[in-house]
Amino acid sequence: MSVWSQVVGQPAAVAELQAAAARAARVRFSDEDNDGAPGGAGMTHSWLFTGPPGSGRSVAARAFAAALQCPDEGCGSCTACRTVMAGTHADVREIVPEGLSISVKEVRTTIDVAARRPTTARWQIVIVEDADRLTEQASNALLKSVEEPAERTVFLLCCPSEHPDDISVTIRSRCRAVRLRTPAPEAIAAVLVERDGIPEADATWAASVCGGHIGRARRLARVPEAREERDAVLALPRSLRSAADAFAASDAMVGAAEAEAAALAASRDEVEREELAVSLGAGGTGKGTAQAQRSARAAEKDLEKRQKSRLTRTKRDALDRALVDLAGYYRDVLARGLGASVTSTHPDRATEIGNAARDSTPEASLRRLEAILACRDALAANVKPEIAIDALVTALRTG
Ligand SMILES: [Zn+2]
C-alpha cells in the first residue's frame, strides 16, 4: 500500500502531489552532475496544504514528504516511507504546536537544522502543522527561509485556509497551494474499515456523524466516552425548556471538556516531568549544585508553563468540537425547516431534528447558529468557558 492510500477522499490533490513528487525526483543539485543548471532548479520549495479540520492536511503533507524521500516516490514499505509516516525520519522535521501558538524560538531552532544538508535523504523537509498558530514573530522568521530556501530544503505548511487570518499574505504568495476538501462519508467509512479494522456498521455510522473529520470518526467509532460526550452535547437543545435543565446541561458540557483535557494532560505531564528530572540528574549534590539547581528550577518552570498552555488548548479544542456538533444540529433544523435537501450533519437524530424544525422557525434557528458562532469567538478571545457557555444557553433558550 503506497503512502497515498492514507490520504482519504482527495483524488485531485493526490494526483497533483504524485506528479510533483515525480518531477522532484528528477531535480539535480549543485554537487551533482546537473549540466551547469543551478542546484535545486525546478523544485517548488514551499507548499501550503489547506482544508477544513479533519480533512487530513498533515497526513497529506507527510505522505508528500515520504514520496519526496522514498526512492520509489512513496512506495509505503521502505524505511524512508515508514519513518516519515511515523514522524521519526532524520531529515523530516515537524513543528507541532502544543500550546496555543508556535513560538519564534521553536521556528528558529527548526529552521537552523533545515538549512543544513540532509543526513541520508535527498531533501531536508520541515512540516509545520497548524501554521495558523504561528505568532507574528515566528511567521516573520519563517518567511525569511521561505523566501530564500537552501537548495535541498522543502517547507510543507498546513492550515485551515488561505485567508490572511490563517496565514500571512507574504508567506502565502510564496507557496504553491494544495487544496483538500471535506472527504465524503463513504471514503471515511472505507478507511476506518480497511485501515483501522472497525466493523462496517460502526464505521458507516461514525463516518455519517463526524462532519467530515476523519480523526473524529475514528474516535467516535472506538471510544465510548466520545459517544457519550456527543450525546451530552446533543441533549442540550432538548433541555432548553427548563432553565435548570439547560444550565445543568451546559455545566456538563464544560465539565466534559475539562475532564477530557485533564485526563490527556495527566498521562502526558507526569511522563514529561520524569523525563526532565532524569535529564537534569535528579538528586545530585556537591560542588556547583547551586547553579545547577537554579537552571533546573528554570527548566521546571518552563515545562510547567508549556503544560499549562497545552491544557488550555486541549480544553478549548474539546469545547470547540462540542460547539461544532451543536451548530450542526441547528444547521440540520434550519435545513429541515426550509425543506432543503442537503446531507444532514446528524442523520441519526433525524426524528428529533424534524420535531425541532416543526416547533421553531428558520429565523430562530439562524439566531441560535449566530449565538453559537459568537460563543466560539468569545472562547477564542479568552472569555472564561463557564461565562461564554452560560451566555450561549441564555441565547439558545430565547431562540
Ligand atoms: Zn518508499
Arg230 versus Asp348, closest heavy-atom pair with distance: NH2-OD1, 2.9 Å
Answer whether the closest heavy-atom distance between the side chains of Val84 and Val3 falls below 4.5 Å. no
Common cluster, Ile188/Val7, ILVMFWY with side-chain heavy-atom separation under 4.5 Å: no
Distance-minimising heavy-atom pair for Cys75 and Cys70: N-SG, 3.4 Å
Can you tell whether the side chains of Asp231 and Arg349 come within less than 4.0 Å, N to carboxylate O? yes
If you look at every heavy atom in Ser239 and Ala249, which pair is closest and at what distance? OG-CB, 3.6 Å
Apply the test side chain to side chain contact (heavy atoms under 4.5 Å, CB included) to residues Phe49 and Leu17: give CA-CA distance (whole Å), side-chain angles for both, the deciding distance (0.1 Å), then the verdict. CA-CA 11 Å; Phe49 291 75; Leu17 292 170; 3.7 Å; yes
Atom CD of Glu200 with >12 non-hydrogen neighbours under 6.0 angstrom: no
Is Arg93 reaching over with its side chain to a backbone N or O of Ile125, donor-acceptor style, under 3.5 angstrom? no
Would you say Leu379 and Asp320 make side-chain contact, with heavy atoms under 4.5 Å? no
Which distance, rounded to the nearest 0.5 Å, do you find between the CG of Asp390 and the CG of Asp251? 6.5 Å
Check: Trp123 main-chain N/O paired with Gln69 side-chain donor or acceptor under 3.5 Å: yes
Grouping I, L, V, M, F, W and Y whenever their side-chain heavy atoms are under 4.5 Å apart, do Ile102 and Val126 come out in a common cluster? yes
Is there a donor-acceptor pair closer than 3.5 Å between any side-chain N or O of Glu258 and the backbone N or O of Lys315? no
Verify the distance criterion only: is there a donor paired with an acceptor across the side chains of Thr345 and Arg331 at less than 3.5 Å? yes
Ignoring hydrogens and geometry beyond distance, is a side-chain donor-acceptor pair present between Arg316 and Asn382 at under 3.5 Å? yes
Before you tell me yes or no, could you show the steps for Arg218 and Ile214 under side chain to side chain contact (heavy atoms under 4.5 Å, CB included), namely the whole-Å CA-CA distance, both residues' side-chain angles and the distance that decides it to 0.1 Å? CA-CA 6 Å; Arg218 189 182 307 122; Ile214 302 160; 4.2 Å; yes
Would a distance-only check, ignoring hydrogens and angles, find a side-chain to backbone donor-acceptor pair under 3.5 Å from His346 to Asp325? yes
Would you check, one step at a time, whether the test side chain to side chain contact (heavy atoms under 4.5 Å, CB included) holds for Phe64 with Val178? CA-CA 11 Å; Phe64 184 46; Val178 179; over 6 Å; no
Exceeds 12 heavy-atom contacts within 6.0 angstrom, atom CD of Glu270: yes
Are the side chain of Asp166 and the backbone N or O of Cys159 linked by a donor-acceptor pair below 3.5 Å? no
With no hydrogens and no angle check, is any side-chain donor or acceptor of Thr153 less than 3.5 Å from a backbone partner on Ala114? yes
I'd like to know if the side chain of Arg122 and the backbone of Ala24 have a donor-acceptor N/O pair within less than 3.5 Å. yes
Evaluation steps, side chain to side chain contact (heavy atoms under 4.5 Å, CB included), between Gln124 and Arg117: CA-CA 7 Å; Gln124 184 72 261; Arg117 248 189 88 90; over 6 Å; no
Say whether Ile171 and Val104 are linked into one hydrophobic cluster, either directly or through other cluster members, by side-chain heavy-atom distances under 4.5 angstrom. no
Is there a side-chain contact between Arg227 and Trp205, using heavy atoms and a 4.5 Å cut-off? yes
Can you tell me if Arg174 has over 12 outside heavy atoms packed within less than 6.0 Å of its CZ? yes
In terms of heavy-atom contacts, Gly42 and Val27 come closest through C-CG2, 4.1 Å
Is there a donor-acceptor contact under 3.5 Å from the side chain of Arg176 to the main chain of Trp47? no
Check whether Glu94 reaches the backbone of Gly87 with its side chain - one donor and one acceptor, N or O, closer than 3.5 Å. no
What's the spacing between Arg219 CZ and Cys210 SG if we round to 0.5 Å? 13.5 Å
Rounded distance [0.5 Å steps], CG in Leu392 versus CG in Leu236: 7.0 Å
First locate atom CG of Asp91, then atom OG1 of Thr119, and finally report the distance between them rounded to the nearest 0.5 Å. 3.5 Å
Quick check: do Pro237 and Leu396 have side-chain heavy atoms less than 4.5 Å from each other? no
Between the side chains of Lys144 and Glu147, is the shortest nitrogen-to-carboxylate-oxygen separation below 4.0 Å, so that they form an ion pair? no
Is the closest side-chain heavy-atom distance between Cys375 and Leu323 below 4.5 Å? yes
Test your reading of the model: is there a side-chain donor-acceptor pair from Arg57 to the backbone of Gly54, 3.5 Å cut-off? no
Test Ile167 against every option in Asp132, Leu157, Thr50 by the side chain to side chain contact (heavy atoms under 4.5 Å, CB included) rule and name the one that passes. Leu157
If every non-hydrogen atom of Pro185 is compared with every non-hydrogen atom of Ala207, which pair is closest and at what distance? O-CB, 3.3 Å
Salt-bridged, Glu129 to Arg62, with N to O below 4.0 Å? yes
Any side-chain heavy atom of Met43 within less than 4.5 Å of one from Pro149? no
Should the heavy atoms of other residues, nucleotides or ligands under 6.0 Å from CD of Gln137 be counted, would the total exceed 12? no
Do Met253 and Val393 touch side chain to side chain, with heavy atoms closer than 4.5 Å? no
Testing the basics here: between Arg82 and Ser77, what is the closest heavy-atom pair and its distance to 0.1 Å? NE-O, 3.0 Å
Is there a continuous path of hydrophobic side-chain contacts, each under 4.5 Å between heavy atoms, that joins Val59 to Val8? no
Which distance, rounded to the nearest 0.5 Å, do you find between the CD of Glu73 and the SG of Cys81? 10.5 Å
Interatomic distance, CG@Leu142 vs OG@Ser46, rounded to 0.5 Å, equals 7.5 Å
Side chain to side chain, Lys308 and Lys305, heavy atoms closer than 4.5 Å: no
Check for me, please, whether Leu48 and Leu156 land in the same ILVMFWY cluster - side-chain distances under 4.5 Å, paths through other members count. no
